[in-house]
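Note sheet for the following structure.
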Amino acid sequence: MKNWMLLLISFMLISACKERECCDYPEPDYLIFGVFNGFCSGPKCIAIFKLSDSLLLEDNLDNYPSRSNFYEGQYAQRSIEKYAIAEKLRNQFPSQFLSETQRVFGIPDAHDQGGVYLEYKSQTFHNFWILDTSIDRLPDAYKAYTELVIETVDKLLQ
């Protein structure tokens with residue numbers, strides 16, 4: 001009887017996990033996200049943020065992201081109100097990225113339209129992606145999330 005109960009409880013936990021999709025990919029230690037534009041001036045040209053499960057940090061260096069290396073930032077903590085604006089990016093991150101072999105989507109900042117930088121770090125996974133802000137150039141799976149990143153950065157900079 002005990003074994004049967006343990007089996008039932010295990011099955012229920014696994015089912016609940018699959019419903020939340022928590023078992024499909026590792027929970028991130030942090031997510032770095034932001035927008036960049038090479039031919040621009042002012043504080044909105046490069047805006048990169050680092051989001052953990054409890055903090056939002058903003059990069060102060062404003063370096064143009066590389067297509068071959070992880071973003072190296074110098075971060076300062078932002079308010080809990082700003083964290084609340086950004087938190088949805090962590091919760092809505094498309095799991096398709098984690099099996100993606102391509103790193104660059106579209107032609108980011110090729111004609112001064114800017115780009116989006118995303119980085120996902122967990123205990124078992126670490127990768128980054130550069131996306132075009134011309135949403136029609138992106139795979140369907142990434143369009144809505146890229147728009148959400150752009151909107152979120154705009155709200156964080158207000």
Side-chain angles (χ1 to χ4, degrees), residues 18-122 124-158:
K18 285 184 179 177
E19 286 175 16
R20 293 190 323 266
E21 296 185 39
C22 67
C23 298
D24 292 345
Y25 59 95
E27 186 71 21
D29 296 331
Y30 63 79
L31 176 67
I32 296 178
F33 66 93
V35 298
F36 59 91
N37 191 318
F39 296 101
C40 176
S41 62
K44 293 186 176 185
C45 295
I46 299 175
I48 306 289
F49 297 87
K50 185 175 186 178
L51 179 65
S52 71
D53 64 348
S54 60
L55 292 174
L56 176 67
L57 308 168
E58 183 175 359
D59 172 55
N60 295 321
L61 297 178
D62 294 335
N63 290 322
Y64 194 86
S66 166
R67 291 175 187 236
S68 57
N69 295 309
F70 292 101
Y71 189 82
E72 294 288 332
Q74 181 177 5
Y75 297 94
Q77 187 172 343
R78 295 297 167 238
S79 69
I80 193 71
E81 292 82 14
K82 298 285 186 181
Y83 172 82
I85 293 169
E87 183 180 25
K88 63 184 167 278
L89 292 177
R90 186 176 156 86
N91 300 331
Q92 295 180 28
F93 187 84
S95 61
Q96 296 93 323
F97 274 118
L98 304 182
S99 59
E100 188 63 65
T101 57
Q102 188 173 337
R103 183 167 278 163
V104 178
F105 295 92
I107 48 172
D109 208 21
H111 56 89
D112 302 338
Q113 82 280 21
V116 171
Y117 179 85
L118 290 175
E119 182 177 332
Y120 187 100
K121 169 74 169 84
S122 72
T124 59
F125 183 88
H126 192 193
N127 206 354
F128 72 93
W129 305 270
I130 309 282
L131 298 103
D132 203 322
T133 58
S134 296
I135 302 301
D136 59 319
R137 293 186 180 141
L138 301 177
D140 289 341
Y142 305 140
K143 288 180 178 182
Y145 189 77
T146 303
E147 288 177 328
L148 182 61
V149 169
I150 295 166
E151 292 168 9
T152 301
V153 170
D154 284 344
K155 288 178 185 176
L156 292 172
L157 294 176
Q158 293 178 358

Partners meeting side-chain contact (heavy atoms from CB on, under 4.5 Å) with T124 (sequence neighbours left out): P26, S122
Interatomic distance, CD@E119 vs CG@N127, rounded to 0.5 Å, equals 8.5 Å
What pair of heavy atoms forms the shortest contact from P108 to G115, and how long is it? CB-CA, 4.2 Å
Distance, nearest 0.5 Å, that separates OH of Y64 from SG of C45: 11.0 Å
Salt bridge (Lys or Arg N to Asp or Glu O under 4.0 Å) pairs, two or more places apart, involving residues 99-117: none
Not counting sequence neighbours, list each pair that qualifies as a salt bridge (Lys or Arg N to Asp or Glu O under 4.0 Å) and has a residue in residues 68-80. E58-R78
Which heavy-atom pair separates L51 from E87 by the least distance, and what is that distance? CD2-CA, 4.2 Å
Set of ring pair (Phe, Tyr, Trp, His ring centres under 6.0 Å) partners for Y142, sequence neighbours left out: F97, F105
Is any side-chain heavy atom of P139 closer than 4.5 Å to a side-chain heavy atom of Q102? no
Is the backbone N or O of Q74 less than 3.5 Å from a side-chain atom of D59, with the two atoms forming a donor-acceptor pair by type? yes
Taking side-chain hydrogen bond (donor to acceptor under 3.5 Å, both in side chains) as the test, write out the residues that go with K88, two or more places apart. none
Tell me every residue that passes ring pair (Phe, Tyr, Trp, His ring centres under 6.0 Å) with F128, counting only those two or more places apart in sequence or in another chain. F70, Y117
Enumerate the residue pairs fulfilling salt bridge (Lys or Arg N to Asp or Glu O under 4.0 Å) with a member in residues 126-135, sequence neighbours excluded, ordered by first and then second residue. D132-R137
Considering all heavy atoms of both residues, which atom of I130 and which atom of P65 are nearest to each other, and what is their separation? CD1-CB, 4.2 Å
Smallest separation among heavy atoms of F49 and L156, with atom names: CZ-CB, 3.8 Å
Does K121 have any side-chain contact (heavy atoms from CB on, under 4.5 Å) partners at least two apart in sequence or in another chain, and if so, which? D29, Y30, H126
Using modelled atom types and a 3.5 Å cut-off, is there a donor and acceptor pairing between side-chain atoms of Q113 and backbone atoms of I107? yes
Is V153 close to I150 at the side-chain level, that is, under 4.5 Å between some pair of heavy atoms? no
Excluding sequence neighbours, so at least two apart, what forms side-chain contact (heavy atoms from CB on, under 4.5 Å) with S99? none
Check each of Y120, F125, F33 against F93 using the ring pair (Phe, Tyr, Trp, His ring centres under 6.0 Å) test, and report the only one that passes. Y120
I'd like to know if the side chain of Y75 and the backbone of I48 have a donor-acceptor N/O pair within less than 3.5 Å. no
Here the pair of heavy atoms bringing Y145 nearest to L89 is OH-O, 2.7 Å
Is there side-chain contact between V116 and T133, with heavy atoms separated by less than 4.5 Å? yes
D53: side-chain contact (heavy atoms from CB on, under 4.5 Å) partners, not counting sequence neighbours: R90
So side chain to side chain donor-acceptor pair (under 3.5 Å) across residues 148-158, not counting sequence neighbours, yields none
In Å, rounded to the nearest 0.5 Å, how long is the span from CG of L138 to CD of E147? 8.5 Å
Do side-chain atoms of S134 reach the backbone of D136 as a donor and acceptor pair under 3.5 angstrom? no
Those residues that, when tested against D140, pass side-chain hydrogen bond (donor to acceptor under 3.5 Å, both in side chains) (two or more places apart): K143
